[in-house]
There are 2 protein chains.
Amino acid sequence: MSPAADTRGRIVMAAMELFWAKGFNSTSIADILSRTQLNAGSLYHVFPGKQDVLIAVLEAYRDGIEENLLKPAWEGVDDPIERIFALLARYRWMILETDCTYGCPIGSLALELHEADPVVRDLLAVNFANWAGAIEQCLAAAGDRLPADTDRRALGEFVLTVMEGGVMQARTHRDVGYFDRGVDALRTHFDMLLARAARRPEPVQGD
Amino acid sequence: MSPAADTRGRIVMAAMELFWAKGFNSTSIADILSRTQLNAGSLYHVFPGKQDVLIAVLEAYRDGIEENLLKPAWEGVDDPIERIFALLARYRWMILETDCTYGCPIGSLALELHEADPVVRDLLAVNFANWAGAIEQCLAAAGDRLPADTDRRALGEFVLTVMEGGVMQARTHRDVGYFDRGVDALRTHFDMLLARAARRPEPVQGD
DNA sequence: GTCTATATGTTGATAGAC
DNA sequence: GTCTATCAACATATAGAC
């Protein structure tokens, strides 16, 4: 790996943590340099400006969702519906791990950057879409356990909504209970959907 | 009304709009002075610093929720369940009115301010709690139309979650559809709860 | 590619006359 | 209470030697 690639990687890693902990605007280039032990020249040799660091960070989230988020969350969980709640359990764990200061990095950036460049906004949107898309695949795998008229895309987005809203309220109140109650409500939602599908089974081919 | 009170009111109003449009960190004192046509001396005569302007803004949201948000949303809507969706419809209207750039001012500030002063955090929490509390009152008014074991506090928070998540995704994708699908899912949730309560009516006193 | 020094602008906040 | 002028700190980004 070339030295520049290493430098780039160190910057992206440090910026990822700093943007998550302090936000984009409150993170200075000096913060990134301090954490990476690099000099301004090195950073500006790799990135034209601060926004390009943000873009690289969002690309890293996009490219790492499978390996860094879904894979560890779904370790040993095969049932597609339970995978949804296993992912939410992982967020719960992160909330506890950070003393209820955890914020979803994508969600926080999405709300912090009010007049974001189209490239940045697209990357935020792609990150959301991939997250919800992963849930949607679980819902597809659940097949006819869900009612036939279930909008699986909408339900995937709904799970993302519950995560974001739960994380937001838990952080603001410094209390996981707000996240837990949201997940409980979502569990009730799924229970009712599954019960409805069980009461009115799908027409089987040949009926 | 004393001149200072007028000055204070103008600053709070301007800051409210600016924090909503640009965020707290990206709004400078100069922005506020420019919009209010005031000078630095006047602002710092009323407020010790920028954070105190934020506190005043959050207090204004807290004190205005009934008059500025709930009252207009519930004009002519009496059914407690429909009031919930009328409030969400008002958010939909704001999303459209802003070309899908609308962000909930409280939610945005809650995620932007990573290391907020306890006073600020409490005010954010109170704003959330009052919003969810207003929904909870609707749910209480719905009485036995909802299942007896329904956690009405949790469900009120859940409605807030759906609003925040829907607004967040709609803004990021610049597409109301994301908000609409979230509200639809919540409608399904309520329909299932109401149907469940109708199937298993509450034990009536004397049964 | 990396270093140091620095340009250039903006920030929140203050001083002191009126 | 309001005005103007200004401070000190910090921001992003650049220049040019090595």
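Below, read A as the first sequence line, B as the second, and so on, with proteins coming before strands; counting in each chain starts at 1.
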Establish, yes or no, whether the cationic atom of B:Arg187 lies under 6.0 Å from the six-membered ring centre of B:Phe85 and within 45° of the ring axis. yes
Determine, for B:Tyr44 and B:Lys50, whether the Lys NZ or Arg CZ falls below 6.0 Å from the six-membered ring centre while staying within 45 degrees of the axis. no
Quickly work out the [X] [atom1] to [N] [atom2] distance and round it to whole Å.
X: A:Leu43; N: D:dA11; atom1: CG; atom2: P; result: 14 Å
X: A:Phe47; N: D:dT12; atom1: CZ; atom2: C1'; result: 16 Å
X: A:Lys50; N: D:dA11; atom1: NZ; atom2: C1'; result: 8 Å
X: A:Leu33; N: C:dC3; atom1: CG; atom2: C1'; result: 12 Å
X: A:Asn25; N: C:dT11; atom1: CG; atom2: P; result: 12 Å
X: B:Arg10; N: D:dG1; atom1: CZ; atom2: C1'; result: 12 Å
X: B:Leu54; N: C:dG12; atom1: CG; atom2: P; result: 13 Å
X: A:Asn39; N: D:dA13; atom1: CG; atom2: P; result: 17 Å

A:Ser42 side chain N/O closer than 4.0 Å to the phosphate oxygens (OP1, OP2) of C:dG1? no
Tell me which of A:Pro48 and A:Ser26 sits closer to the 5' end of DNA chain D, going by the nucleotide each one is nearest to. A:Ser26
Under a 3.5 Å threshold, yes or no: a donor from one side chain and an acceptor from the other, between B:Asp31 and B:Ser28? yes
What's the closest nucleotide to the [X] side chain, out of [options]?
X: B:His45; options: D:dT2, C:dG12, D:dA13; answer: D:dT2
X: A:Thr7; options: C:dT11, C:dT2, D:dC3; answer: C:dT2
X: B:Ile29; options: D:dT2, D:dA5, C:dG12; answer: C:dG12
X: A:Tyr44; options: D:dA11, C:dT11, D:dT14; answer: D:dT14

Are A:Tyr178 and B:Phe128 an aromatic pair, judged by ring center distance below 6.0 Å? no
Is A:Asp151 paired with B:Arg181 through a side-chain N to carboxylate O contact shorter than 4.0 Å? no
